[in-house]
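Take a look at the structure set out below.
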Amino acid sequence: KNAVDEIIDKGLPQEEVKKIKEIALSIEGIKNPHAIKTRRSGYITFIDLHIDIDKETTFIKAHDKTTLLEEKLKKAYGPKTVIIVHAEPI
């Protein structure tokens, strides 16, 4: 890795954004991952994304889905990954 990349913030490559979408879509009930923003600052990865969830899904089930997504993303990108998931009812 380039030492400068470790110092400055830098977005993840498009292949990684595609991987984030695939991880999100692997969870039943999550649709249309979009507005994905990523960056890496030093050794920490930041992921911010929006997902669509059926509006009839209970709050608890929607929360469970977002928690599972966070767990899968941390498994893929490391336990210190900072993740923000915005669940939108459709």
Side-chain angles (χ1 to χ4, degrees):
K1 274 188 167 180
N2 184 331
V4 174
D5 288 347
E6 298 301 324
I7 297 170
I8 62 170
D9 285 0
K10 188 173 182 178
L12 297 180
Q14 279 305 113
E15 308 88 62
E16 295 300 322
V17 174
K18 183 179 178 190
K19 181 178 172 183
I20 291 165
K21 286 182 181 181
E22 290 170 355
I23 291 169
L25 292 171
S26 74
I27 299 169
E28 185 180 343
I30 290 181
K31 298 179 177 112
N32 188 31
H34 60 283
I36 300 172
K37 297 178 191 85
T38 66
R39 68 184 174 96
R40 186 168 282 138
S41 182
Y43 294 103
I44 299 181
T45 300
F46 297 82
I47 301 171
D48 183 307
L49 75 154
H50 293 238
I51 58 171
D52 293 344
I53 294 182
D54 187 292
K55 65 184 175 190
E56 301 301 320
T57 304
T58 66
F59 179 82
I60 292 171
K61 286 187 179 181
H63 182 267
D64 289 347
K65 291 175 191 306
T66 59
T67 298
L68 179 58
L69 176 55
E70 290 171 6
E71 289 170 358
K72 286 185 168 212
L73 289 170
K74 285 186 181 214
K75 185 173 182 182
Y77 293 96
K80 292 185 178 182
T81 303
V82 177
I83 302 162
I84 299 172
V85 180
H86 307 269
E88 301 176 356
I90 57 161

- Task: Measure across Glu70 and Ile83 and return the closest heavy-atom pair with its distance rounded to 0.1 Å.
- Result: O-CD1, 3.5 Å

- Which atom pair, heavy atoms only, marks the closest approach of Pro33 to Leu49? CB-CD1, 4.2 Å

- Could you give the distance from CD1 (Ile47) to NZ (Lys74), rounded to the nearest 0.5 Å? 10.0 Å

- Task: Drop me the distance from Ile53's CD1 to Thr66's OG1, to the nearest 0.5 angstrom.
- Result: 6.5 Å

- Query: Near Lys19 NZ, under 6.0 Å, is it more than 12 heavy atoms from other residues, nucleotides or ligands?
  - Reply: yes

- Message: I'd like to know whether NE2 of His63 has more than 12 heavy-atom contacts from other residues, nucleotides or ligands below 6.0 angstrom.
- Response: no

- Working to the nearest 0.5 Å, report the span between NZ of Lys65 and CG of Asp54. 9.5 Å

- Query: Which atoms form the tightest heavy-atom contact between Lys31 and Leu25, and what is the distance?
  - Reply: CA-CD2, 4.1 Å

- Query: Does Val17 share a hydrophobic cluster with Leu73, counting links as ILVMFWY side-chain heavy atoms below 4.5 Å and allowing steps through other members?
  - Reply: yes

- Message: I want to check something: taking the side chain as every heavy atom from C-beta on, are Ile20 and Thr38 in contact at a cut-off of under 4.5 Å?
- Response: yes

- Task: Look at the aromatic rings of His50 and His34 and report parallel, tilted or perpendicular, splitting at 30° and 60°.
- Result: tilted

- Is there side-chain contact between Ile30 and Leu68, with heavy atoms separated by less than 4.5 Å? no

- One should read off an interatomic distance between Lys21 NZ and Asn32 CG, to the nearest 0.5 angstrom, of 8.5 Å

- Item | Atom pair CG (Asp64) and CZ (Phe59), whose distance is rounded to the nearest 0.5 Å | 10.0 Å

- Has the side chain of Thr58 got a donor or acceptor atom that lies under 3.5 Å from a matching backbone atom of Lys61? yes

- Message: Working to the nearest 0.5 angstrom, can you tell me the gap between Lys18 NZ and Ile36 CD1?
- Response: 12.5 Å

- For Ile51 and Leu69, what are the C-alpha separation, side-chain angles and deciding distance, and is it a side chain to side chain contact (heavy atoms under 4.5 Å, CB included)? CA-CA 10 Å; Ile51 58 171; Leu69 176 55; 4.2 Å; yes

